[in-house]
Amino acid sequence: MLPSHPIVVAVAGFASHFVIDAIPHWDYPLQAISVRKNADNRLLKADRRLWMDLLTIATDASTGFAVAILLFYPSAPIWVIALGAAAGMLPDPLQFVHSLYKREPLVTLQRFHVWIHTKRKLNWQIGIVSQAAFAALVAATALVAKQ
Ligand SMILES: [Zn+2]
């Protein structure tokens, strides 16, 4: 909506993470990394479980970037789309950073993130399918509204 204002794009992307986290959703399970309220990842070992988590997260993030670019290019430059997508993803890696360094402003951000995150978790086996269908519906609605 505002490709010529990258700071607004970044702030809106960052803020949108929390709005979306407030909606009941399915979170894919991580085996080694924890981002729970009082998680401590300082003793993580570079084992298979950690590599699988990193692969899962990398796949998720890459898919997010690809879908964002497919949806918004050429309405905005790719770097602005990537900035918005990265800002929208940033709160979750900041939870990981908080688990390593429990300092401000990460402590306050983590408290807010845990508070706003829905307490209703969907444990459906079809979680990823239902969320992909919902995302496609939202994207289709946005594309129709844009015309
Ligand atoms: Zn989150």
Side-chain angles (χ1 to χ4, degrees), residues 1-42 44 50 52-147:
M1 291 170 60
L2 297 162
S4 58
H5 296 84
I7 292 174
V8 174
V9 169
V11 170
F14 192 79
S16 75
H17 181 104
F18 300 106
V19 174
I20 294 167
D21 259 358
I23 300 169
H25 59 278
W26 174 78
D27 285 312
Y28 54 79
L30 294 173
Q31 298 173 25
I33 297 170
S34 175
V35 290
R36 286 194 206 110
K37 191 175 182 180
N38 295 311
D40 186 348
N41 289 298
R42 286 175 295 179
L44 275 180
L50 178 60
M52 289 306 294
D53 284 356
L54 293 174
L55 179 65
T56 303
I57 292 166
T59 303
D60 182 27
S62 301
T63 304
F65 277 115
V67 170
I69 290 167
L70 284 171
L71 282 175
F72 299 114
Y73 186 80
S75 299
I78 287 179
W79 75 271
V80 173
I81 299 167
L83 174 68
M89 295 176 202
L90 185 60
D92 284 344
L94 286 178
Q95 286 191 293
F96 178 76
V97 175
H98 170 266
S99 77
L100 302 176
Y101 308 102
K102 293 188 181 354
R103 299 200 177 103
E104 291 297 343
L106 296 172
V107 171
T108 300
L109 184 67
Q110 174 70 359
R111 191 175 306 130
F112 176 71
H113 201 156
V114 168
W115 174 77
I116 199 146
H117 195 285
T118 180
K119 307 306 179 259
R120 284 189 55 208
K121 300 210 178 215
L122 305 181
N123 293 316
W124 307 342
Q125 290 298 319
I126 59 165
I128 195 163
V129 174
S130 63
Q131 287 180 197
F134 180 71
L137 178 68
V138 171
T141 304
L143 287 174
V144 168
K146 195 167 83 174
Q147 293 173 355

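If you're wondering where the values come from, they're calculated on a predicted model, not measured in any experiment. Every heavy atom of this structure was used, including side-chain atoms; hydrogens, water molecules and symmetry mates were not.
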Taking every heavy atom of A87 against every heavy atom of A10, the minimum-distance pair comes out as CB-O, 3.2 Å
May I have the step-by-step check of side-chain contact (heavy atoms from CB on, under 4.5 Å) for V97 and L106, ending in yes or no?
CA-CA 8 Å; V97 175; L106 296 172; 3.6 Å; yes
I'd like to know whether OH of Y73 has more than 12 heavy-atom contacts from other residues, nucleotides or ligands below 6.0 angstrom.
no
For residues S16 and G13, report the shortest heavy-atom separation together with the two atoms involved.
OG-O, 2.7 Å
Centroid-centroid distance, H117 to H17, less than 6.0 Å
no
Nearest 0.5 Å, please: how far is CH2 in W79 from CD1 in I69?
13.5 Å
Looking at every heavy atom in both H113 and D92, which two are closest together, and how far apart are they?
CE1-OD1, 3.2 Å
Residue of the set D60, D53, T59 for which side chain to side chain donor-acceptor pair (under 3.5 Å) holds with Y28
D60
With the side chain counted from C-beta on, respond yes when L109 and H98 share a heavy-atom pair under 4.5 Å apart, and no when they do not.
no
Exceeds 12 heavy-atom contacts within 6.0 angstrom, atom CD1 of I7:
no
Between the CG atom in L30 and the CG atom in L54, the distance rounded to the nearest 0.5 Å is 9.0 Å
Let's go through I57 and F96 carefully: what are the C-alpha distance in whole Å and the side-chain angles of both, what is the deciding distance for side-chain contact (heavy atoms from CB on, under 4.5 Å) to 0.1 Å, and is it a yes or a no?
CA-CA 12 Å; I57 292 166; F96 178 76; over 6 Å; no
Rounded distance [0.5 Å steps], CG in L83 versus CD1 in I78:
13.5 Å
V9 and I81: CA distance, side-chain angles, deciding distance, side-chain contact (heavy atoms from CB on, under 4.5 Å) verdict:
CA-CA 8 Å; V9 169; I81 299 167; over 6 Å; no
Quick one, L94 and F14 - any side-chain contact, counting heavy atoms below 4.5 Å?
yes
Are a donor atom and an acceptor atom from the side chains of E104 and T108 found within less than 3.5 Å of each other?
yes
Nearest heavy-atom contact between F65 and A82 is CE2-O, 3.3 Å
Can you check whether L44 reaches I33 side chain to side chain, under 4.5 Å on heavy atoms?
yes
